[in-house]
Amino acid sequence: MKSLRYILFFVLIVQRQFVQAQDANNIIAKGNEAYKQQQYDKAIELYREALKSSPGNPIANFNLGNALFRNKKYDEAVKVFEEATQHESPGIAPGKIFYNKGVSFTAQKKLQESIDAYKQALRLNSTDS
């Protein structure tokens, strides 16, 4: 009887995490639509909502960083890209995150930081032109 409770508890936890991930993916998709329509404020809001549902979601972090960059919020974009590097994702190459971080530093005229980020991007993917 005790083992049945543990199994049931485990199933409920897994199911809850699955539902949260699905919710986050739906919210990210809505954010992507807003981003495509150049509604960056709305996209930022949606990506942040996805992160509340799925903290540390690397796709939501990466997309949030891109939307912040497009909204000229470069400091915030750098912080979000840094957060995205802390979580692995099969859908996002780490080199792309460091590249975008470098672009954000370049926009702020922080040249040494941008060079460092570009170097890290190349270390992670030396074939990326």
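Please read all numbers here as calculations on a predicted model, not as lab measurements.
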What's the separation between atom [atom1] in [X] and atom [atom2] in [Y], rounded to the nearest 0.5 Å?
X      : Y      : atom1 : atom2 : answer
Leu124 : Ile97  : CG    : CD1   : 9.0 Å
Glu49  : Asp23  : CD    : CG    : 9.5 Å
Leu64  : Phe81  : CG    : CZ    : 8.5 Å
Glu83  : Asn57  : CD    : CG    : 10.5 Å
Thr106 : Leu111 : OG1   : CG    : 6.5 Å
Asp75  : Ser104 : CG    : OG    : 9.0 Å

Checklist entry - Hey, are the side chains of Glu33 and Lys36 touching, using non-hydrogen atoms and a 4.5 Å cut-off? => result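 Yes; the side chains approach each other to less than 4.5 Å.
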Checklist entry - Should the ring pair Tyr40 and Tyr35 be called parallel, tilted or perpendicular, given that the plane angle runs from 0 to 90° and is split at 30 and 60? => result perpendicular
Next on the checklist: Looking at every non-hydrogen atom in both residues, tell me the closest pair between Ala60 and Ala50 and how far apart they are.
Outcome noted: CB-CB, 4.2 Å
Next on the checklist: Could you report the tightest heavy-atom contact between Ser54 and Ala24, atom names first, then the distance?
Outcome noted: CB-CB, 3.5 Å
Checklist entry - Hey, any chance Ile44 and Phe62 share a hydrophobic cluster, counting ILVMFWY side chains that come within less than 4.5 Å of each other, even indirectly? => result yes
Item to check | Cluster link Ile59 to Val80, ILVMFWY, side chain under 4.5 Å | outcome: yes
Next on the checklist: Please enumerate all residues that pass side-chain contact (heavy atoms from CB on, under 4.5 Å) together with Lys42, with sequence neighbours excluded.
Outcome noted: Ala34, Gln39, Leu46
Next on the checklist: List the residues meeting side-chain contact (heavy atoms from CB on, under 4.5 Å) with Lys73, not counting sequence neighbours, and say none if there are none.
Outcome noted: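 Applying side-chain contact (heavy atoms from CB on, under 4.5 Å) to Lys73 gives Asp41, Leu68, Asn71, Glu76.
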Item to check | Worked verdict on Val78 versus Gln108 for side-chain contact (heavy atoms from CB on, under 4.5 Å) | outcome: CA-CA 10 Å; Val78 167; Gln108 296 175 73; 3.6 Å; yes
Item to check | Over 12 foreign heavy atoms within 6.0 Å of CZ, Phe69 | outcome: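 Count over threshold, so yes.
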Item to check | Pair Lys79 + Glu82: basic N to acidic O under 4.0 Å | outcome: no
Next on the checklist: Phe98 vs Tyr118, test: ring-ring contact (aromatic ring centres under 6.0 Å, His included). Steps then yes/no.
Outcome noted: CA-CA 6 Å; Phe98 280 99; Tyr118 292 138; over 10 Å; no
Checklist entry - Side chains of Asp116 and Ser114: do they bring a donor and an acceptor to under 3.5 Å? => result no
